[in-house]
Structures are given as C-alpha cells and as structure tokens.
Amino acid sequence: ALSARASSSGTSPSAGSDLGALTFDPDAYTELTTTVTDTAGTEHSVTYHFWKAITYVAKPVDEKYQSLNVSVPVKVDGTAVDASDAPILFANSVGGYMPSSVADATGIGGGSGGPMGGGGAPSGSAAPTAAPSPSASNATGNTNPTGGALSTNQLLALAAGYVVVEPGARGRTLKNSAGEYYGVAPAAIVDLKAAVRYVRANKGRVPGNTDRIVSAGTSAGGALSSLLGASGDSPIYASYLKEIGAADASDAIFATGAWCPITDLEHADGSYEWNWGTNATSAGTVVDQTVSKELRAQFAEYQATLKLKGLRGFGTLTARNYDEYLVKQYLEPSATTYLAALSDSARATYLAANTFITWKNGKASFSWADFLTHVGARKKNVPSFDAFDLSTGENNEFGAGTTIARHFTAYGQKNDTTGLTNKRLDSDIPELLRLMNPMYHLVDKPNSGRSKHWWIRLGTKDSDTSLTVSANLAAAAAGLGDDVNHLYYWDQGHGANTDPGDFIQWIAKVTG
Ligand code: DHB
C-alpha cells in the first residue's frame, strides 16, 4: 500500500520538509514597535516581528485554542538585533486550568495588563504588587483594547533579544455540541507539547534556538509549565499527540519557569491541610477538623513515600520536619531579603507591626506557628481540590465525556456527597494523574528528557495551595541533579512575580 507521503508527490512545501500545513511562514508577520520599561525604570524602544494565531497541529479540535503567536525582536533602542539563535521564551497564559486563546492577542504590551509571571491567572487572583509595571505604547496605533497584551516577562524577554512564543491551549470548560468536555485533562498539556513540537519542527524557519526553549507559566499555567519541563519526550503522551496531528519532533524543553504551580493535584488536599489546616477561612470559620486531620495523615504518608532530600544538606523531608525546612530554607531567607531591602525607618515600622519576627545581625527569624498566624485566612475549604461535592475547578479538570466533574482521589470518591453510587475512582483516573503530574516524571519514573534547569517562585501568603508543593517539586528536581533556583516572595499572594528581571538574566545564564 502507498504511504501517505508517497501519494502526496510534488507537494513538498519547502526544501527538505514534510511538515505540510505545519510549515511556519517566515514572511507572514507584522512589524510592531513597543516601549518596554526595564526593572531599573529605563525605557527601551523594541521593534519586533509578530506572527499571530498560527495553528500548531494538523488535526485541530479547536483552532481558537490550538494556535500560537511568535514575537521576534529586530531592533532594540535603534540597534539591529539578530534573534535567529536567541533563547525562546515559551510563555503560556493558562489560568485556572481554563481555556487559553492567543487568537485575540495584539502583541502589544501594557493594555489590560495581564498578570505577570509569564502568563495569566484567572480573574480574582491577587495582582502582583512589587514588579515594575511595563509601560508600552504602540507606534503603529494598532491597539486592541480587548487585551491579549504581552506580560512583563514577555516584554523584558523581547527587550533582551529573546524570541517569545505564546501558545494557546484547550481548557476544562470547553464543551462541544454533543455536550462533551474536550478541554479536560490531559488536553492542555498535550496542546502545549504539540506547540513545542511545532516550534522545533520548524527549526531554522521560526527564529530562535529551538534547543533553548524556556517555558513559563503561573498557577495552573505554572503547573503546566513544570509538567512540560518534567515530561519532555515522555512516551505516555504519544497517542494523544498523534490524535491531534502534532508535528513529529521532540517536545523536550531546556529550562522551566514556574510561578506558584498548582500541581501534584492528587496529593494537594493532604498537603493543604498539613500547611493551612488550622488557619480559619476568610469567613472566620475553622474547617472540619476531622476531615482536615485525616487529610494531614495522608500528607505524612505521601511525603514519606517521596523520600526527598531537602536542599542544602537538609535531610529527608517528612511531615514532621517540613515546617522547620520551610522556615529555615525559604521563609526566613525570604523575610530577610525583604527587610534588608527596606530603609531603616521602613524596616523599623514593619518590625513594629510584626513583632513575631526577630531581627538580629541582619537576619529575620520566627516560628512556623507565628508565620501561619501572620498569613491569616486560608483561601480554600476542605478538601481544597477534590471537593466532596465536586465543586472545584480541579473536579472539572478531571471531567470526561459529558461528565463535567469527577473525583480524582480515593478519599474524595469515598466521601462523595453528590449521590454517586460508584465508591471507586473511574478506571482511567490513575493514567490521567500520571499525565498531569510532574512528580510522576521526577520521582516515580525519573525522565531523562526533562528540563535540567528550574526557576520556581511562590508568594509566602499564597494559600491557593500548600507551600510544600513547589518545595517538593524543587527538591525532586534537585535530587536528580538538576539546577534549581527556587525562592519565596515575602508577603506576596497568588500570582506574584517580583523579580522578572532576575528571571531574564537567569535565562541568559543557563542558556549561554
Ligand atoms: C489556579 C488557582 C487555584 O486556586 C487553583 O486551584 C487552580 C488554578 C490559577 O490561578 O490558575
């Protein structure tokens, strides 16, 4: 029988290529100019080429989401820039595991001001406060008030001479006319991998160094970014990628940036109770302590199975020593950095208002219990992720077919309050969890195709998930010998990105 390729004689789109519809057109751009204010407050004029809403799979389910934008700087402050071998910032804008489209993006910064940190977060999430705002104007006057603006990371990346790729991806709420949810797990990660494959398959056509792809994302987007980093070239996605006609290329990425990753979902309920279990909710109520304690016990069991070593010589991380680990490794250094940067009078004011902190010899110290009191209200109810009434976004993320939401933990299924007769998880759930959890690729089955460089950030007041989640991610990657740069932003909430300039410099360092 003839192969598909043999039967399409003479239709090769460009020399040496069989990419067909997935061939990037180097000429199909518009030229835009924007102003980027760097972290020192200096303005830069950046002229760049902008390719919009390119479908990245041959058999799209929904092109509105399965498409990407490319921005390539050509001139910075009047000087020509050659980005043909530059690092590629692959910045997703997924928030809340929701659908993410770049179809309406303008490529122009500023505007409606999407959350920072290489991507979006769902509305209602805390806005970052300390990062300098990019101010941008569009010399062409071609603005689109509906948004789609480049984030701080993306603008700074362009000004640094990097290529920026913005992939869209399907998300959990998408439903077709038959009532089927087609953006639930694992759609988003499959789409992001397909987008990476598109870029790599077009090596030499898409400007930039396809061996230096650096992923970025925040919250659910941070979870997907870390999953993209951990799961590079894993064979378990092959059938899904084939189904949507992904390019035949590697989907491994070089480095991973993840801000407040909402990941390790099937263990997040226990981790959350271990961390925030005794904190009252914003309504002033303490959650059901019986459920909270059962979940805390699950965290202890889980953490023991991980057998992760803490960074910098800290021993094996357990539910008993994790408070000490967080305080010493992350929280006190975070407070110290914050306080050291204040003027003497501002520091004195802060310390007077926060007497739980001891400031001595230029270092902050405090107890875990006092830190928890300082953070105050927990954001979520119990269980936070696999709710007994199937009411969370994560329950929807694990929906299937015409079922909008499902349980993804045995505990959630057992305690279901929606009238389910099945007391066992659906049989496809374990595989979906492997497809969605970076820890699977770092701990259960260490993946050699993973990213070896990790930039992980989290606000100390972020109670969207447990503070252990990103620390475990960092410890798992470091345990495999990877280069891990992880710190917590003092007093910052969900979605914070207060050191975007450092991230841009880190990219230069690790890709150089
Ligand atoms: C996000 C926030 C959450 O609290 C969550 O459970 C999932 C995603 C987000 O901001 O993307």
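Atoms within each ligand, like the ligands themselves, are counted from 1 in listed order. We count residues from 1, following the sequence as given.
Under the 4.0 angstrom criterion for non-hydrogen atoms, Gly95 is in contact with ligand 1.
Checked against a 3.5 angstrom limit, the closest N/O atoms of Tyr97 and ligand 1 fall outside it. Where the criterion is an N or O separation shorter than 3.5 Å, residue side chain and backbone included, Ala220 meets it with respect to ligand 1.
Here is the list of ligand 1 atoms found below 4.0 Å of a heavy atom in Asp464: 2 (C), 3 (C), 4 (O). Heavy-atom proximity to Phe385, at under 4.0 Å, picks out these atoms of ligand 1: 6 (O).
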Test His494 against Trp259 for ring-ring contact (aromatic ring centres under 6.0 Å, His included), laying out the working first.
CA-CA 9 Å; His494 191 58; Trp259 286 258; over 10 Å; no
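Cation-pi geometry between Arg170 and Tyr65 is not met at under 6.0 angstrom from the ring centre and within 45 degrees of the axis.
Residue nearest to atom 7 (C) of ligand 1, selected from Glu394, Lys379, Glu397, Lys380: Glu394 (by heavy-atom distance).
A salt bridge links Asp464 with Lys379: the distance from a Lys NZ or Arg NE/NH1/NH2 to an Asp or Glu carboxylate oxygen falls below 4.0 Å.
By the 4.5 Å heavy-atom criterion applied to side chains, Leu480 and Arg450 are counted as neighbours.
In summary, the aromatic rings of Tyr198 and Tyr56 are positioned with their centroids too far apart to meet the 6.0 Å limit.
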